[in-house]
Enquirer: 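I have a structure here, written as structure tokens, and I will follow up with some questions on it.
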Amino acid sequence: MESDFLSQLNDQQREAVSNTEGPLLILAGAGSGKTRVIAHRIAYLIAEKKVAPWNILAVTFTNKAAEEMRLRVQRLLKDHQLSSWPVVSTFHSLCVRILRQDIEKLNDKYTRTFTIYDQDDSMRLIKLCLKDLGYDEKQLAPRATQSAISSAKNRGEDPEAFAARAEFTDDRQAAIARVYKMYEERLHTNNALDFDDLLIKAVRLLRNVPEVREKYNNKFRYILVDEYQDTNSLQFALIGFLTEKQQNICVVGDEDQSIYKWRGADISNILNFEKHFPNTRTIRLEQNYRSTQTILDVAGAVVKNNIERKGKNLWTSNPRGDKIRYYQALDAEAEARWVANKIVEHRREEFDTRAAVLYRTNSQSRVFEEAMRRAGLAYNIIGGFSFYERMEVRDIIAYLKLALNPNDSIALSRVINSPPRGIGKQTLDEIERRSKDLELSLWETISLVIKQPENLSARAINALRSFRRTIVRLGEMAGTDMGSAASDEAVQAGMWSVKQPDEQNVDEHVSDSDSPVSDIVRAAILDTGYETALRSEKTDEADGRLENLQELVNAAVDYDEQGLEGLRDFIDHSALVSDQDAYKRDAAVTLMTAHSAKGLEFPIIFIVGLEDGLFPHSRSATDPAELEEERRLAYVAMTRAERFLYVTHAMKRRVYGEELASEPSQFLNEMPLDLIDDLSLGKSWLSFARGLSTIDYEHDEHRKEKNKYTGKTYDSAESIAEFFKQRNQQMGKTSGTSVSATSWKQKPRPQEPRTPPSTNTGSEGFVPGSYVKHSKYGRGLVLRREGAGESTKLTVSFPGYGQKKLVEKYANLERA
DNA sequence: TAAAGAAAGTTTTTT
DNA sequence: ACTTTCTTTA
């Protein structure tokens, strides 16, 4: 009966689930049950509307989200006997599946055996191109080049178009254009696609080949897209083509949670959805079920400072809850320790409660890992170094890639001498030189070199011969024809063939004569000498690596047991699943970036490192739009919390190994003071802010008015002073040029409002955290002090002038 | 060629 | 601080 999937929903959610036909836009605020609605909608389509599961496609951004969605749908449909499951997939794996099926119809020489290059592979290739073109990596940073090429690709510019444009800009662009051209050629000869290509080629396939478009339109009659605000133009095009015929497209998104503009996400995809799809029905989900009123109030107060925003009315019937909690730590280590202790306290109260620690950058994770270990808390860590990014795992994967496609030169150069087998730089240079001359892949060149050694030593030739034998043997296990080019016979049947609906079934085909994936993985670890080399090291590090390889074997065994599709799929998976490593659902703590937290929820959330230049990140300081994105990110982070929200910052923190004074984030300024509980030891930044606001509370409304002001992005050193100044002005005091001109209720050293007593030596010299006055630059904050005596140098941040390095003796500084 | 030691670069967020 | 890459030495 219908009520099964509708009865537990509110009116809007029910609307969203039961309006199954035509374009549907769901604007879903944080915690409003968006995942729940999608899952219910899928279940409803299958159980009530009798739509065949294979006619439904749900697309998410991350594997985690896809996983979650699959789980929910399965739970909802557990009493139904289904012959198959709906396709729930990320954009990228959807594209891989389409391309593994049909890429040859594009007629641009790519074959179905193509290799996927992840960011690291692609970076290696770019470095090679830079080298071959004779560019200096210092002048043309590989990273920057990669990102320039990636954005060109995402804009739809091919190397020619890019070059045409670059010609008229500058040398650097022209150089990038040349790298781009070579990069594309190399990808092609390697039969490799990078992450961008996956989308580009899939879109091109759907656009150019009507037959393929038709096929997928018939297959996917109902399409759902999660996190629609973060789609880019390629993803938009993909959806457009897939849904061309039936128009049963349902997208879910929230403008306030758009945090991937830097990756090309185009918010207008959601803002203009109604234009793109006529007859769109729009439904708003505004009741939040996740968080306490207080948490929503705080998050709302922050995001309200964004100008580029339609605004919405998110409400909850949940209790008010506790105030959010604030802690000012001395440094990053103290911050982490404090957080760990708090989590322990919470778990004493409630033994199985879960917490997440959200930071802006992955580099912050380390201290937290350390602190959790010390506190004896089991933790998950998401992102950063994922399992598949470990060196040894990547090496073995490279061997496996070679087994399938020996012409993958990136994989080959990765492992040709790891473990060390006597193929050194000279040998490799010679091979590379000849491969360029003859326009052969490295693999082909090696075969040739063995026959015609020319100026290579017998020792080198022997090493090459044995390496070649190893790869050929792996290839045989994988069922690959090791001829000169990867042959099409090696293609295993596609993983989900698109058949007529009635004969559609769970997809068949466990690979035929080939060995199980786990056997090939074992062989790649043993026969290559990899294990022996690690064992002989006898270090803890090597043991750790061996364990990781054992994990890889375990993963392969699991894979075989699931009866999946063989080695290629296993490898695809490893490229696309960056953080799938054993996510322990019940671990006490999860550590991740605020970005990775999107879509998740936890009873307890810690947002750490709320400091100027860190969160918001300094890279976003110049552009108001980017600052707004940072603010949305903060909003996403805060709204992950169900019951308890903690915000912390440190007074100083090591950056590149140097200790720098840091200031509270402006986002802290934007939180309503009366909703914050200060747990800091001694006097904190917050206690000053609070002291001020109690001077004259009835002007508070006035203050709020002014606080909406976002036009200016505060200079780091000046932000709080600016903040105080504004408040003072609001309070009718004449604008003191310096903070100290105003009256302080509880004033310990008005001239250093944010410096905790401990960093204040009080002795002569300017310590980091103190303020100075310079005859030319004016007032500034001392960030760093180096050297001693006459040569003491200070790094000072002057608003409007940036950071200056001054010799203390000659700079003529005064306290300010 | 491989290992050990020195220097330089790194950190924004992700499929 | 930590990791990658370059340079020196055995």
Side-chain angles (χ1 to χ4, degrees), chain A residues 59-66 89-96 116-120 122-124 127 137-138 141-143 146-147 150 154 193-200 202 227 230-232 234-235 258-265 332-333 358-367 370 382-386 388-389 391 417-428 457 459-460 463 533 537 541 572-580 592-599 609 613-621 626 629-630 632-634 636-637 653-660:
Chain A
V59 194
T60 64
F61 261 80
T62 65
N63 297 293
K64 227 180 307 149
S89 160
T90 63
F91 274 104
H92 290 264
S93 37
L94 173 69
C95 291
V96 171
I116 302 168
Y117 279 3
D118 65 17
Q119 190 131 22
D120 182 78
S122 135
M123 179 70 91
R124 280 163 181 269
K127 282 182 180 162
E137 284 194 7
K138 267 154 210 143
R143 265 179 80 88
Q146 185 185 41
S147 92
S150 172
N154 277 299
L193 298 177
D194 67 14
F195 279 167
D196 299 323
D197 287 331
L198 295 177
L199 285 160
I200 291 168
E227 307 284 9
D230 284 328
T231 50
N232 65 22
L234 284 168
Q235 288 154 340
S258 156
I259 53 175
Y260 285 106
K261 210 171 139 228
W262 57 275
R263 219 171 83 188
E333 286 72 24
L358 310 184
Y359 33 77
R360 179 64 238 269
T361 68
N362 277 308
S363 61
Q364 289 165 263
S365 66
R366 200 177 224 106
V367 272
E370 183 63 30
I382 302 210
F385 291 112
S386 88
Y388 287 105
E389 285 169 80
M391 192 234 295
N417 201 32
S418 59
R421 50 169 71 89
I423 304 175
K425 194 170 179 315
Q426 297 217 327
T427 314
L428 206 52
S457 70
R459 223 174 89 183
E537 274 190 45
E541 203 199 340
D572 284 353
H573 186 76
S574 82
L576 295 172
V577 175
S578 56
D579 50 18
Q580 87 115 56
M592 63 189 145
T593 62
H595 280 90
S596 319
K598 195 172 69 163
L614 186 59
F615 197 175
H617 199 273
S618 53
R619 297 286 258 262
S620 62
E626 284 184 45
E629 179 145 309
E630 294 284 309
R632 287 192 294 272
L633 183 59
V636 168
R653 145 180 333 266
R654 250 190 251 290
V655 183
Y656 297 140
E658 291 222 74
E659 210 143 72
L660 293 182

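So you know, we letter chains A, B, ... as the sequences are listed, proteins then strands, and number each from 1. The model shown is predicted, which means the values in this text are computed figures rather than measured ones.
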Enquirer: Looking only at side-chain atoms of A:S363, point me to the closest of B:dT15, B:dT1, B:dT11.
Expert: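 Selected nucleotide: B:dT11.
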Enquirer: How is A:T90 classified with respect to the nucleic acid when contacts are heavy atoms under 4.0 Å: base, sugar-phosphate, or nothing?
Expert: sugar-phosphate
Enquirer: Under 5.5 Å between ring centres and under 30° between planes: true for A:W262 and the base of B:dT13?
Expert: yes
Enquirer: Can you check the distance between C:dT4 and B:dT13, where both ends of the measurement are the C1' atom (answer in whole Å)?
Expert: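 Looking at atom C1' only, C:dT4 and B:dT13 are 22 Å apart.
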Enquirer: Could you report the tightest heavy-atom contact between A:D197 and A:D194, atom names first, then the distance?
Expert: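 Residues A:D197 and A:D194, closest heavy atoms: N-OD1, 2.7 Å.
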Enquirer: Please tell me if the side chains of A:Q364 and A:F615 come closer than 4.5 Å, counting only heavy atoms from C-beta onward.
Expert: no
Enquirer: For a quick check, tell me whether the side chain of A:R263 and the base of B:dT14 share a donor-acceptor pair closer than 3.5 Å.
Expert: yes
Enquirer: What contact category does A:K261 fall into here, base, sugar-phosphate, or nothing, at under 4.0 angstrom with non-hydrogen atoms?
Expert: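 Result for A:K261 = nothing.
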Enquirer: Identify whether any heavy atom of A:Q119 sits under 4.0 Å from a base atom; if not, whether one sits that close to sugar-phosphate; answer base, sugar-phosphate or nothing.
Expert: base
Enquirer: Over all heavy atoms of both residues, which pair between A:L199 and A:F91 is shortest? Give the atoms and the distance, please.
Expert: CD2-CB, 4.4 Å
Enquirer: Over how many whole Å does the gap from A:R143 atom CZ to B:dG9 atom P extend?
Expert: 14 Å
Enquirer: Of all the nucleotides listed (B:dT15, B:dT12, B:dT10), which has the minimum atom distance to the side chain of A:Y656?
Expert: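 Within the option list, the nearest is B:dT10.
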Enquirer: I need the CG-C1' distance between A:L614 and B:dT12, as an integer number of Å.
Expert: 9 Å
Enquirer: Minimum heavy-atom separation for A:S122 to A:Y117, with atom names?
Expert: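 So the minimum-distance heavy-atom pair works out to N-CB, 4.2 Å.
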Enquirer: Looking at A:T62, I'd like to know whether one of its side-chain N or O atoms comes within less than 4.0 Å of OP1 or OP2 on B:dT14.
Expert: no
Enquirer: For the pair made of OH in A:Y359 and P in B:dT13, what is the distance, rounded to whole Å?
Expert: 10 Å
Enquirer: Closest-nucleotide mapping onto DNA chain B: is A:T593 or A:A460 further toward the 5' terminus? I mean the 5' end.
Expert: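 Whichever sits nearer the 5' end wins; that is A:A460.
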Enquirer: Can you see which heavy atom on A:S258 is nearest to which on A:R632, and at what distance?
Expert: O-NE, 2.6 Å
Enquirer: Once you round it to whole Å, what is the distance between P of B:dT13 and CD of A:E630?
Expert: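 Those two atoms, CD and P, are 11 Å apart.
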Enquirer: So which one's nearest nucleotide on DNA chain B is more toward 5', A:P420 or A:E629?
Expert: A:P420
Enquirer: How long is the line joining CD1 of A:I382 and P of B:dT13, in whole Å?
Expert: 15 Å
Enquirer: Could you work out which one of B:dT12, B:dT1, B:dT15 sits closest to the side chain of A:T361?
Expert: B:dT12
Enquirer: Any side-chain N or O of A:N362 less than 4.0 Å from the OP1 or OP2 oxygen of B:dT11?
Expert: no
Enquirer: For A:Y359 and A:S365, work out which heavy atoms get closest and say how close.
Expert: OH-CB, 3.2 Å
Enquirer: Do A:L576 and A:L198 come close enough that some side-chain heavy atom pair is under 4.5 Å?
Expert: yes
Enquirer: Give A:Y260 one of three labels, base, sugar-phosphate or nothing, depending on what nucleic acid heavy atoms sit under 4.0 Å from its own.
Expert: sugar-phosphate
Enquirer: Regarding A:S618, tell me which of base, sugar-phosphate or nothing describes its non-hydrogen contacts under 4.0 Å with the strands shown.
Expert: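 Counting heavy atoms under 4.0 Å across all strands, no contact is made by A:S618.
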Enquirer: Starting from P on B:dT13, measure out to CZ on A:F61 and report it in whole angstrom.
Expert: 18 Å
Enquirer: Does A:R360 place a side-chain N or O at less than 4.0 Å from the phosphate oxygens OP1/OP2 of B:dT13?
Expert: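 The answer is no; no side-chain N or O of A:R360 sits under 4.0 Å from OP1 or OP2.
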Enquirer: Where the side chain of A:N362 meets the backbone of A:T593, is there a donor-acceptor pair that is under 3.5 Å apart?
Expert: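 No: the side chain of A:N362 does not pair with the backbone of A:T593.
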Enquirer: How would you give the extent of chain A contacts on DNA chain C, as first and last nucleotide 5' to 3' within a 4.0 Å heavy-atom cut-off?
Expert: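 First and last nucleotides in contact are C:dA1 to C:dT5.
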Enquirer: Rounding to a whole Å, what distance do you find between A:D197:CG and B:dT15:P?
Expert: 18 Å
Enquirer: Report the distance from atom CZ of A:R459 to atom P of B:dT1, rounded to the nearest whole Å.
Expert: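 My rounded result for the distance is 7 Å.
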Enquirer: Between A:T427 and B:dT1, does any side-chain N or O lie under 4.0 Å from OP1 or OP2?
Expert: yes
Enquirer: Could you tell me whether the phosphate oxygens of B:dT12, OP1 or OP2, come under 4.0 Å of any side-chain nitrogen or oxygen in A:S620?
Expert: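 Checking A:S620 against B:dT12: no side-chain N or O falls below 4.0 Å of OP1 or OP2.
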Enquirer: Can you find a donor-acceptor pair, distance only, under 3.5 Å between A:H617 side chain and B:dT12 base?
Expert: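 No.
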Enquirer: For the atom pair CD (A:Q146) and CD (A:Q119), what is the distance rounded to the nearest 0.5 Å?
Expert: 4.5 Å
Enquirer: Counting any heavy atom closer than 4.0 Å, what does A:N417 reach on the DNA or RNA strands: base, sugar-phosphate only, or nothing?
Expert: sugar-phosphate
